[in-house]
Amino acid sequence: MIRWRKGTVEGIRREWPGAVELDVTIDGTAARGLAYPALVGRPEPGDEVLLNTTALAMGLGTGGYAMVVAIPDRLPPDPTGPGHLVKARYTPLQATVLGADEQDSPHHDVLAEADSLGGMPVIVADLHSALPALLSGLLRDRPDARVVYVMPDGGALPAWFSMSIAQLKDAGALAATVTVGQAFGGDLEAVTVHTGLLAARLVLHADVAILAQGPGNLGTGTKWGFSGVSAGEAVNATAALHGRAVASLRVSSGDARERHVGISHHSLTAYGRVALARAEVPVPVLPGEFGARVTAQATALAQKHDLVRVPVDGLADGLAADEKAWGVRMSTMGRRLDGDLEYFLTCAAAGRHTATLL
């Protein structure tokens, strides 16, 4: 289940909040490594490190790193301070964090009886790559909006893995992150999607929450075996808390797999079958036959949800400008803006629609 290796740190490649990317040698072979200093301490050149090389051996496009498990000769000090939530529970790297909703939290009194988002819009998407495009469409029309990202545990567990989060926060496009379930490393921690959304609204004072899994989603080529079906559950959670769910579609013209061309079958399953509550579904007004295909596919959701036609004029220029200004890489499944523009336009259209709700 795990490939264990010993390695040597040769140098530091780059750093962002919560993560350090390394050059390591493993049995004389060079490789990329990744460490989370909050978990294992900060590796330095010359350190001998214990590595998990499973993802590296599998050649994963997302997360193809040799992960640092420990620096055996220089262990970090024991943690101090409050925090009784255990995340990544009963794994060798289970960690204690202070949950916003636990009794020792300064926010416990706010969340103890909290029961409503007060109509706050919650944009739901199934891929992490949607995050910057959603923000682009939203902030173009409402640059003053305070947006909080709520990250569940369908993809990466550490929020630190996402360079996009760090870049978007540094650029001022994203106010904060809440990690929920088994995910950890956000500005706030919460036990469930529900308390995570409530913390975003009542503690972090979000105008809008975006909920999408972290990097590295899991799919099996089956109808139900995809971690992104949790998008439908997020719609239900939003409705239960009196929020306003905006269901962002996953649309592609660049995916080689027929089941993802136009509106992905994952969106149709998550919103058409898993979501039991009503949501607003922005449908981008795209040109030509492809646009007609997306419009036709969206009708499958019309009975359950409110379809909203959203023009995409100017969104492509906005996406390109924000990619440059924010220093964030707009990319999904290895495809950039020019390789799957319709994907990013659809996300930006969901952001544009949400701006009209504020």
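Values in this document were obtained by computation on a predicted structure and should not be read as measured data.
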*Identify whether V122 and L202 are in the same connected component of the hydrophobic contact network (ILVMFWY, side-chain heavy atoms under 4.5 Å).*
yes
*Rounded to the nearest 0.5 Å, how far does NE2 of H107 lie from CG of D101?*
10.5 Å
_Pairing of D322 and K324 as salt bridge, 4.0 angstrom limit_ = no
*Counting N and O atoms only, with roles assigned by atom type, does the side chain of K304 sit under 3.5 Å from a partner on the main chain of G272, one being a donor and the other an acceptor?*
yes
_Any donor-acceptor pair under 3.5 Å from T222 side chain to G225 backbone_ = yes
*asked:* Quick check: is Y36 connected to L98 through a chain of hydrophobic side chains (ILVMFWY, heavy atoms under 4.5 Å apart)?
replied: no
_salt_bridge(E323, R329) N-O dist < 4.0 Å_ = no
_I'd like to know if L131 and M120 are part of one continuous hydrophobic network [Ile/Leu/Val/Met/Phe/Trp/Tyr, side-chain heavy atoms within less than 4.5 Å]._
no
*Verify side-chain contact (heavy atoms from CB on, under 4.5 Å) between K223 and H266, making sure each step is shown before the conclusion.*
CA-CA 7 Å; K223 183 173 183 176; H266 289 320; over 6 Å; no
*To the nearest 0.5 Å, tell me how far T53 OG1 sits from K6 NZ.*
14.0 Å
*Over all heavy atoms of both residues, which pair between P284 and V312 is shortest? Give the atoms and the distance, please.*
CB-CG1, 3.8 Å
*Assess the side chains of R309 and T295: does a donor N or O sit below 3.5 Å from an acceptor N or O?*
yes
*What pair of heavy atoms forms the shortest contact from S105 to G99, and how long is it?*
CB-O, 3.1 Å
*Has the side chain of R13 got a donor or acceptor atom that lies under 3.5 Å from a matching backbone atom of R32?*
no
_Pair V281, V308 - check side-chain contact (heavy atoms from CB on, under 4.5 Å), show working._
CA-CA 6 Å; V281 180; V308 184; over 6 Å; no
_Looking at S129 and T332, would you say the former's side chain and the latter's main chain have a donor-acceptor pair under 3.5 Å?_
no
_Atom pair CZ/OG1 of R250 and T346 - distance to nearest 0.5 Å_ = 12.0 Å
*Determine whether more than 12 heavy atoms belonging to other residues, nucleotides or ligands lie under 6.0 Å from atom CZ of R278.*
yes
*If you take all heavy atoms of A175 and K169, which pair is closest and at what distance?*
O-CE, 4.4 Å
_Residue R336 excluded, over 12 heavy atoms near CZ under 6.0 Å_ = yes
_Check: N236 side chain, V274 main-chain N or O, donor-acceptor pair, under 3.5 Å_ = yes
*Should I210 and V147 count as side-chain neighbours, where that means a heavy-atom distance under 4.5 Å?*
yes
_Hydrophobic clusters here meaning ILVMFWY residues chained together by side-chain heavy-atom distances under 4.5 Å, can you tell me if L85 and M151 are in one?_
no
*For the pair D187 (side chain) and A176 (backbone), establish whether a donor and an acceptor sit closer than 3.5 Å, ignoring hydrogens and angles.*
no
*Please determine if E280 and R244 form a salt bridge, counting it only when a charged side-chain N lies under 4.0 Å from a carboxylate O.*
yes
*asked:* Could you check whether any side-chain heavy atom of L117 comes within less than 4.5 Å of a side-chain heavy atom of L197, counting everything from C-beta outward?
replied: yes
_Closer than 3.5 angstrom, by distance alone: can the side chain of K87 be matched with the main-chain N or O of P158 as a donor-acceptor pair?_
no
*Backbone N or O of A296 within a donor-acceptor pair of the T299 side chain at under 3.5 Å?*
yes
*Which of parallel (below 30°), tilted (30 to 60°) and perpendicular (above 60°) describes W160 and F184?*
perpendicular
*Intermediate values then yes/no, side-chain contact (heavy atoms from CB on, under 4.5 Å), W224 and T269*: CA-CA 8 Å; W224 293 101; T269 300; 3.5 Å; yes
*How long is the span from the OH atom in Y271 to the OG atom in S248, to the nearest 0.5 Å?*
6.0 Å
_If hydrophobic clusters are built from ILVMFWY residues whose side chains come within less than 4.5 Å, do L56 and V40 share one?_
yes
*asked:* Between E15 and R42, is the salt bridge (Lys or Arg N to Asp or Glu O under 4.0 Å) condition met? List the steps.
replied: CA-CA 11 Å; E15 301 182 50; R42 191 182 190 283; 2.3 Å; yes
*Please check if the side chain of E10 supplies one atom and the backbone of T25 the other of a donor-acceptor pair under 3.5 Å.*
no
*Are any of the side-chain heavy atoms of V180 and V178 separated by less than 4.5 Å?*
yes
*Are V68 and L22 close enough, and set up right, to give a side-chain contact (heavy atoms from CB on, under 4.5 Å), and what steps lead you there?*
CA-CA 10 Å; V68 176; L22 311 165; 3.8 Å; yes
*Can Y343 and S253 be counted as having a side-chain donor-acceptor contact under 3.5 angstrom?*
no
*State whether the side chain of Q94 and the backbone N or O of A88 hold a donor-acceptor pair below 3.5 Å, judged by distance alone.*
no
*Exercise: do T29 and D27 side chains pair donor with acceptor under 3.5 Å*: no
*asked:* If the threshold is 4.0 Å, N to carboxylate O, is there a salt bridge linking R146 and D207?
replied: no
*Is the shortest heavy-atom distance from the side chain of W16 to the side chain of Q167 under 4.5 Å?*
no
*What pair of heavy atoms forms the shortest contact from L358 to A145, and how long is it?*
CD1-CB, 3.9 Å
*asked:* Could you report the tightest heavy-atom contact between A279 and V235, atom names first, then the distance?
replied: CB-CG1, 4.0 Å
_Within 6.0 Å of CZ in R3, more than 12 heavy atoms from elsewhere_ = no
*pair D23-V9: side-chain heavy atoms closer than 4.5 Å*: no
_Flag for T192-T195: side-chain donor and acceptor within less than 3.5 Å_ = yes
*Spatial distance of atom CG (L319) from atom CG (L341) [nearest 0.5 Å]*: 7.0 Å
*Distance, nearest 0.5 Å, that separates CD of E189 from OG1 of T177*: 10.5 Å
_L315 and S136, any side-chain heavy atoms less than 4.5 Å apart_ = no
*Any side-chain heavy-atom pair from L301 and L307 closer than 4.5 angstrom?*
yes
*Classify the ring geometry between Y149 and H128 as parallel (under 30°), tilted (30 to 60°) or perpendicular (over 60°).*
tilted
*Under 6.0 Å from the NE2 atom of H84, do we count more than 12 heavy atoms belonging to anything else shown?*
no
_Are V49 and T8 packed together at the side-chain level, in the sense that at least one heavy-atom pair is separated by less than 4.5 angstrom?_
no
